[in-house]
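Below is one structure, written out as structure tokens; comments come after it.
Atoms within each ligand, like the ligands themselves, are counted from 1 in listed order. Computed from a predicted model, the values in this text were never measured in an experiment.
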Amino acid sequence: KERIEKLRSTIVEHNRRYYIDSEPVISDFEYDLMMLELEALEKKFPEFAAGDSPSRRVGSDHKNEFTQFEHGYPMLSLGNTYSESELREFDTRVKKNIEGDVEYTCELKFDGVSISIIYNNGRMLRALTRGDGVKGDDVTQNVMTIRSIPYMLSGENIPAELTARGEIVMPRAVFDGINIDRLANSLPPFANSRNAASGTLKLLDPKMVASRNLDCLFYAILSSPPVSGSHFDNLVQASVFGLNIHNSIKKCSSIDEVIAFISYWEQERKNLPFDTDGIVVKVNSLALQERLGFTAKNPRWAIAFKYKAEEAVTKLLSVSFQVGRTGAVTPVANLEPVALSGTVVKRASLHNADQIDLLDLRTGDMVFVEKGGEIIPKIIGVDSSARGNEYDKIEFITLCPECGTTLVRNEGEANHFCPNYRKCPPQIKGRIEHFTGRKAMDIEGLGEETVELLYNNKLVGNIADIFDLRFEQLIGLERIGEKSAANILNSIRKSIETPYSRALFALGIKHVGETVAKTLASKFNSIDMLVNAGFEDLTSIEEIGPKIAASIIAYFNDSENIETVSRLKSAGIKFSGDPANVYAGGGKLERKNIVISGTFAKHGRDEYKSMIEQQGGRNTSSVSGSTSFILAGNDMGESKKSKAQKFGIPIIDENEFLKMISVNAIEE
Ligand code: IVH
């Protein structure tokens, strides 16, 4: 009973992370294993059955901001399998219900977020997310920005009411670009393209959605009566109507042919521009589909075969606990080195205490390690059959491994934190490294190792101490000669010129990333105004929500922080608006992400950069799916050029740019 309850609550929690937050922390495989275990236990112990068990429901993706509508045809999910023998069992089950041979349609299983689009007389009426399968969120405005989804269908004999079902995906190249941008802006990267796609579809600003270049692949059309008698012919017809049907679809007349299709795509899918996680096998005849019908959750006429992410088995040597700049404690597994997808894995992420509990991890265990997409390797399971009695259970630490303070875990948060903000060494060092970092004060020569050295020698214990460093103190340290000491001091001196917004970002206030810092600098002319700002002053700014506002207020309520800011000011740091860099609103480049490339004749790059900022645009360093255009001079980089072509991003020269931002320029 205990295990059933634990599994239920864990699955509900992961449903929320997956469907609502678009930020899952476990792989599909791990999720499926939990669900299988739950289903098996509920079957074995029917006395503990519950109507609201997640095993009986489709996870819900409802967000409050969108209007909901009922689906004309419910949106069910698919039963899935990872094994060939279960696939053969599916074939046997299908054949038991009908006489003779069955024809299947095989399709790729696109790894994105499902969408249902209703076309009324060929015109898009409404686009709904899956929601809970019965009702979905109306995301029409967002869907209309996706170029591969037609607003009007084309061709003849289009049913008066047609529902198109498909998967919205984020192409891998777009995903990579967006994550580079997010990291550069101190935003957490998306775990994989599916979450990026689903997070994007739920954005409240369709313009943002448009900038993210989503794509859509359709896998079914529904109408009454259907446009043909078979699923395959329906898809062919859908393609005539202008819906994007992937050319991999194939009719198979035996389960062996299906299996051949599966093994062909196991490798070949890696060459596709988007992610897929398996193959969907569907009974082709619609009449047969109807005869087979549905179980409570899934159609009996279709099954998903999922490819397993590459995994390896190795020994768990120990678990260490890392404390980050913000005090968050992350458990990390130290593993016996093992080869996995071309690299040697020695460490794996364990996320948090719940994850360790759920896996019931013990030192010495043989563990399954998986490397999925961009994410660092993680432990997804334990081979408990290989476990000896003497193995010690891994207990989450209660004291900070760095400073001995009792850890806290706030309600609703997954991580443990060390609350010793002032004295915990990795937190202090982390803040100093953040301060000197390239995106902040950009102090050359004060990287991780040197900060460690200065801290260990008690020369810096606070960001303001950097400005008190003296030549004779530095040359006394190992590895620092006269020349590097002079260079360090020189770059500290130069850093005083850092613009206000970057200096604000450098303070390392929780939740104040680069973009938020820029917004704050543009709204509050000096740090004193920001120090005095109240909760409402802050939250009245579009980008500043209650969480950010509370964090800013807490930061400036701390007298030691006020003291630090005042020491930084005395050192000469600008904590007030450089009018040239302050954006006053109403600019011509609002919400535009612009990459500058090459050399220019009329103005320097920095001048162009500040013109972009003055007009409300953002200067980004790398070309990605979210780039609005490239301001190109002579000798534009080849890789930027080819990326621009790939994403279809306009390239404009300086004359066009100056015309664009000139006073008389016509608004778009
Ligand atoms: S058919 C009733 N075909 O996978 C059957 N689904 O686990 C409906 N998906 O919600 C689904 N590619 O979002 C189907 N070729 C494909 C698919 C596909 C991706 C997604 C879809 C669905 C989920 C089912």
Quiz item: Out of R269, R172, R194, which residue meets the side-chain hydrogen bond (donor to acceptor under 3.5 Å, both in side chains) rule with D275?
Solution: R172

Name all residues meeting the side chain to side chain donor-acceptor pair (under 3.5 Å) criterion together with [X]; count only those two or more places apart in sequence or in a different chain, and write none if there are none.
{"X": "R93", "result": "none"}
{"X": "E161", "result": "none"}
{"X": "S228", "result": "N234"}

Output, or 'none' if empty, a list of ligand 1-protein atom pairs in which both atoms are N or O and the distance is under 3.5 Å, rounded to 0.1 Å.
{"unit_1": "ligand 1", "atom_1": "3 (N)", "unit_2": "K282", "atom_2": "NZ", "d": "3.0"}
{"unit_1": "ligand 1", "atom_1": "4 (O)", "unit_2": "K109", "atom_2": "NZ", "d": "3.1"}
{"unit_1": "ligand 1", "atom_1": "12 (N)", "unit_2": "F110", "atom_2": "N", "d": "3.1"}
{"unit_1": "ligand 1", "atom_1": "13 (O)", "unit_2": "S114", "atom_2": "OG", "d": "3.4"}
{"unit_1": "ligand 1", "atom_1": "13 (O)", "unit_2": "E167", "atom_2": "OE1", "d": "2.4"}
{"unit_1": "ligand 1", "atom_1": "13 (O)", "unit_2": "Y219", "atom_2": "OH", "d": "3.4"}
{"unit_1": "ligand 1", "atom_1": "15 (N)", "unit_2": "E107", "atom_2": "OE1", "d": "2.8"}
{"unit_1": "ligand 1", "atom_1": "15 (N)", "unit_2": "L108", "atom_2": "O", "d": "3.0"}

Quiz item: Taking atom types as modelled and ignoring hydrogens, do the side chains of E268 and N271 form a donor-acceptor contact shorter than 3.5 angstrom?
Solution: yes

Exercise. Report yes if the side chains of V113 and R130 come closer than 4.5 Å at any heavy-atom pair, otherwise no.
Key: no

